[in-house]
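Taking it in order: structure first as structure tokens, then the write-up.
Note that the structure is a prediction, hence the values are computed from the model and not measured. Indexing begins at 1, ligand by ligand and atom by atom, following the structure's order.
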Amino acid sequence: MIFDFEMIKAVYKGMGEKQNAARELTGRPLTLTEKILLSHLDSHIDQAPVRQSTYAYLNPDRVAMQDATAQMALLQFMSSGRKKVAVPSTVHCDHLIQAEVGAKNDLLRANEENKEVYDFLASVSQKYGLGFWKPGAGIIHQVVLENYAFPGGLMIGTDSHTPNAGGLGMLAIGVGGADAVDVMAGLPWELKWPGVIGVHLTGKMSGWTSAKDVILKLAGILTVKGGTGRIVEYFGPGASSISCTGKGTICNMGAEIGATTSVFPFDERMATYLSATGRAELAGLSRDHQKELTADPEVFSSPEKYYDQIIEIDLNKLEPHVNGPFTPDKAWPISQLAKAAKDNGYPDEIKVGLIGSCTNSSYEDIERSASIARFAVKHGIKARSEFVVTPGSEQIRATIERDGQLEDFRKIGGLVLANACGPCIGQWKRHGVAAGEKNTIVTSYNRNFAKRNDGNAATHSFVTSPEMATALALAGRLSFNPLTDTLSNDKGEAVKLQPPTGDELPANGFDPGEKGYVAPARDGSDIEVKINPESKRLQLLHPFTPRKEESFTDMVVLAKAEGKCTTDHISPAGPWLRFRGHLDNISDNLFIGVVSAFGHEAGTGKNELSGDVDKLSANARAYKKAGMGWVMIGDENYGEGSSREHAAMEPRFLGGKAIIAKSFARIHETNLKKQGMLALTFKNPDDYDLIREDDRLSIGGLENFRPGEPLILKIRHNDGSEDNVEVNHTFNQAQIDWFKAGSALNLIAAQQK
Ligand code: SF4
């Protein structure tokens with residue numbers, strides 16, 4: 001079955017014409033990135049977008065959400081008044097399953113512990129027309145690749161590794177929940193026009209080298225920041241030598257170099273994968289549109305004219321890499337790893353080797369890794385390290401169970417986990433290593449910063465291909481190089497492992513396994529969304545009050561942030577994520593990390609009602625209860641960091657009226673506007689210094705609130721003196737309408753009536 005095939009046909013139908021218009025607009029040939037973006041514009045534009053400068057409005061074809069981020073996104077969507085999502089959307093239950101003893105029991109426990117969240121997500125999906133993938137059905141990006149991704153499409157997903165779908169030629173971009181809500185509610189999605197990095201692949205991989213090594217090498221070249229604000233586009237003869245799922249691995253980990261996303265041009269390897277996953281008709285359609293699904297020929301002949309930067313990678317010479325610890329851009333070719341480990345004091349003993357995850361659990365990955373395990377068993381070698389396998393989807397699990405690879409892994413001591421994120425995101429109840437104990441693990445995952453896998457800051461986590469992770473787990477040593485070294489078997493003989501081999505796709509087709517997909521109801525109007533009113537993790541949202549009748553005078557200063565104030569300072573993650581579906585409970589973390597310019601401990605400030613110093617969230621609650629408006633003062637680039645929507649919702653929920661800063665991070669500024677908050681900047685940044693702890697602030701000019709016209713901030717000091725300063729804003733007319741309605745969702749809801 002091909003999901004949403006009519007939608008895909010419609011995208012392809014208009015694509016050629018839109019790309020011709022785009023070529024006329026830009027006056028030059030187009031990269032693949034530009035082709036996809038320009039054929040998804042929300043409305044006509046008169047001027048070609050300028051890379052890393054212009055903001056454009058786009059219409060994504062679909063939305064994907066994982067179970068942790070979907071909670072608040074769907075709670076917000078419910079307030080939009082829409083009966084159904086505006087574009088095809090899906091929810092995937094993968095992040096909340098904790099790995100401990102193995103797939104069956106871990107899944108049973110997760111179903112019990114997260115029942116209320118799963119019941120909510122299932123019922124809200126049923127009601128509003130979203131596809132729902134049950135716990136155990138698979139990891140979001142693997143399921144998307146198997147079912148939804150299509151060449152030339154544009155998708156957003158509430159998870160950083162959404163770019164995985166670039167392996168199938170889709171521009172797939174990780175976003176915050178607020179963006180997903182907009183698109184599901186029928187609004188266009190705003191993107192800063194990206195730069196484009198071209199990665200030219202030549203040659204062909206062989207032996208121990210695999211697709212993962214392309215991105216591990218690139219991470220070493222570009223570092224974790226090198227892709228920021230840019231899309232990585234792969235091209236060249238080497239690109240078509242890599243399988244579709246291998247391309248997915250490369251695009252997945254583009255998130256680790258900070259890239260907006262990554263993409264490969266459509267080729268026969270993609271067509272083969274589409275056919276193998278039940279989408280032969282789509283493969284045919286993509287072939288018909290091949291020209292539109294790759295960059296223009298001039299781009300390939302003179303890439304330096306069209307890409308901002310070009311990086312050459314010769315696959316013939318590419319060595320297997322093992323990157324880490326603590327950062328994915330510390331890139332070690334295997335021939336240098338033993339020395340690096342010795343020089344840097346990385347523990348040589350590997351405690352655990354982990355393969356799979358959304359990054360690396362294709363049939364090809366598993367089959368190649370299993371070939372190493374089979375060889376080891378045949379030659380009397382067992383894994384010296386613990387060995388853990390996470391299939392990326394139920395389809396992969398059932399197929400590799402049927403075809404024997406899981407049994408191969410069990411024979412070397414492997415433990416098979418649920419088809420979920422597990423140890424990749426710290427959902428790992430690890431045994432055998434004490435908290436704070438220095439130890440080494442190797443994984444085929446994508447991220448390896450401190451605490452990521454097991455919460456232990458002393459765990460040295462290295463990222464590599466599944467083949468290398470398997471070989472290293474057999475050896476149990478980081479200093480082992482399977483290309484040159486031998487292992488001793490149960491008879492004491494020296495054995496050299498054979499390079500991995502294996503089929504790209506199952507010869508007997510995929511086995512879908514247990515059904516994990518639940519289609520939405522045709523008519524969801526009678527379906528009740530399940531939220532227990534006593535729940536600590538979920539809470540229905542109530543619309544914020546319209547702003548137009550509110551007063552913005554004599555407001556207290558809740559706090560004045562000094563220096564960096566990221567969304568992590570405003571609303572940190574960690575243990576608070578448990579409450580991400582419960583706005584009231586998570587609001588207790590508001591501003592908990594903010595450094596006080598008034599000299600108080602971080603996250604605290606003087607309560608103007610009691611005179612006591614208390615948590616800022618407690619003070620905000622007290623002001624709200626007393627009917628007193630409050631303002632937060634910010635420094636430069638207020639709200640940088642993750643685009644988490646809670647950082648904008650919580651101030652609004654606890655009675656905040658305005659955030660006035662020297663400058664804003666743009667995404668957070670927009671998020672504040674969506675929630676009906678006034679986001680203002682000091683016209684003269686030095687006016688920040690005028691604000692004192694016991695001031696009363698009033699904002700004048702709101703009766704004539706217009707785009708481009710500054711407002712007046714009246715600062716009444718405790719000594720009776722006053723300052724009047726100008727404050728700027730970037731609200732356009734539509735955003736002013738959000739403000740007046742109380743929030744963007746209030747306005748959408750009013751328009752639905
Ligand atoms: S497996 Fe890891 S990287 Fe993939 S979606 Fe889950 S947590 Fe994210």
Side-chain angles (χ1 to χ4, degrees), residues 64-70 90-99 103 106-107 110 114 133 135-149 155-167 172-177 180 212 215-216 219 224 245 248-259 261-262 323-324 328 354-362 365-366 388-394 396-397 416-428 441-449 451-455 461 463-466 469 573-574 577 580 642 644:
M65 291 169 286
Q66 40 98 333
D67 49 1
T69 48
T90 49
V91 172
H92 304 262
C93 295
D94 55 3
H95 275 58
L96 303 179
I97 301 168
Q98 193 185 42
D106 291 347
L107 192 55
N114 303 310
W133 291 81
I139 306 172
I140 176 168
H141 312 304
Q142 180 70 25
V143 173
V144 165
L145 197 73
E146 288 171 0
N147 296 279
Y148 299 112
M155 178 176 85
I156 59 166
T158 59
D159 190 272
S160 14
H161 294 97
T162 302
N164 190 70
I173 301 176
V175 296
K212 184 71 162 275
I215 187 65
L216 293 176
V224 289
T245 49
T249 297
I250 295 169
C251 293
N252 175 306
M253 244 192 104
E256 271 51 66
I257 53 171
T261 191
S262 306
N323 288 17
L354 306 99
I355 67 165
S357 89
C358 69
T359 323
N360 266 127
S361 58
S362 65
D365 289 332
I366 299 291
V388 173
V389 185
T390 306
S393 70
E394 170 60 7
I396 283 288
R397 186 213 58 80
V416 181
L417 297 178
N419 316 317
C421 301
C424 180
I425 186 77
Q427 288 279 36
W428 187 15
I441 62 172
V442 290
T443 83
S444 73
Y445 306 163
N446 42 30
R447 295 213 156 139
N448 60 349
F449 53 76
K451 295 191 184 178
R452 164 87 177 180
N453 304 110
D454 59 0
S461 174
V463 180
T464 186
S465 66
L577 289 185
R580 64 196 312 163
S642 115
R644 134 173 9 120

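M65 contributes atom CE, which lies 8.5 Å from atom CD1 of I140 (distance to the nearest 0.5 angstrom). With rounding to the nearest 0.5 angstrom, the NE2 atom of H161 is 9.0 Å from the CD1 atom of I425.
When heavy-atom distances to ligand 1 are checked against a 4.0 Å cut-off, H95 comes that close only through its side chain, counted from C-beta outward. With a 4.0 Å heavy-atom cut-off, ligand 1 is reached by no atom of Q427.
Not one N or O on the side chain of K212 forms a donor-acceptor pair closer than 3.5 Å with the backbone of N446. Within the 3.5 Å criterion, the main-chain N or O of T359 finds a donor-acceptor partner in the side chain of T249.
No side-chain donor from either of D94 and Q66 sits under 3.5 Å from a side-chain acceptor of the other. The closest side-chain donor-acceptor pair between H92 and D159, if any, does not fall under 3.5 angstrom.
Take a cut-off of 2.8 Å around atom 4 (Fe) of ligand 1: the protein N, O or S atoms inside it are C358 SG.
Contact between T158 and A180 at its shortest, heavy atoms only, is CG2-CB, 3.6 Å.
Remark: distances from the non-hydrogen atoms of M253 to ligand 1 are all 4.0 Å or more.
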